[in-house]
Every structure is written in structure tokens, then in C-alpha cells.
Amino acid sequence: SMAFSTSALASSSSETSHAVPLYNPPPVYPLEARRKRIQGIVLMRLFLTQAGEVDKATALPPRVDPVLEAAALTAVRQWRFKAGGGTIEV
């Protein structure tokens, strides 16, 4: 299974606050991973625009199967947060 949390922490250069998720669909579990019984938790760092869109997303250690990471990246690029920008880890 793939685990995803939308309770993300947002951080700026001066303070840390909670990012408010507005639209956060879960990743689609890849058929290839399901067939091979691959499971894992993908940790991500998201860089948000001032409009609350994901500008950049990177996978964090510990790294998991690339198929799961790709599915996670596809999902988080669709996520939207309350405006304000910042960097969050999910």
C-alpha cells in the first residue's frame, strides 16, 4: 500500500506553520507495484508558490521503489494549498 499524509508542515525562513490543504488527491497505486507487491511510504519536500500550488517536489530519504515515487510525484503536483507559499514536507 501507499501511505500519504496531508498534514504537512510549512516552513519559511522566519517561522514554521501548518500548510492548509485545499485539494490533495491521493496517489494512484501503480499496477506494476501492486503486481509485484511493492509497498512503501514516500516522503516528499514540496516547494509552494504564493498561490498555493506545488512549484517543485522532491523525494526524501529513505528512498523507496521508483515506481512508487513516480506515482507520488504525479499526485502531489496536483495538490493545492491555501495561498502563502513556503516549503513543506509530507
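Between atom CZ of residue R80 and atom OH of residue Y23 there is a gap of 8.5 Å, rounded to the nearest 0.5 Å. Once rounded to the nearest 0.5 Å, the distance linking CZ of R35 with CZ of R37 reads 13.0 Å. Atoms CD and CG, on E32 and L68 in that order, are 9.5 Å from each other to the nearest 0.5 Å.
V42 and A72 get closest at one heavy-atom pair: CG1-CB, 3.7 Å. Residues D65 and V67 approach most closely at OD1-N, 2.8 Å, considering heavy atoms. What you find for T74 and Q78 is that their closest heavy atoms are O-NE2, 3.3 Å. Heavy atoms only, all atoms of each residue included: G40 and V64 are closest at CA-CG1, 4.3 Å. Looking at every heavy atom in both residues, P27 comes nearest to A71 through CB-O, 3.7 Å. Listed here is the closest heavy atom pair of A75 and P25: CB-O, 4.0 Å.
Residues forming a side chain to side chain contact (heavy atoms under 4.5 Å, CB included) with L46 (at least two apart in sequence, or on another chain): M44, L48, V54, A57, V76, W79, F81, I88, V90. Looking at residues two or more places apart in sequence or on another chain, you find a side chain to side chain contact (heavy atoms under 4.5 Å, CB included) between R34 and Y29.
Among residues at least two apart or in separate chains, side-chain hydrogen bond (donor to acceptor under 3.5 Å, both in side chains) pairs with a member in residues 44-53 are R45-E89.
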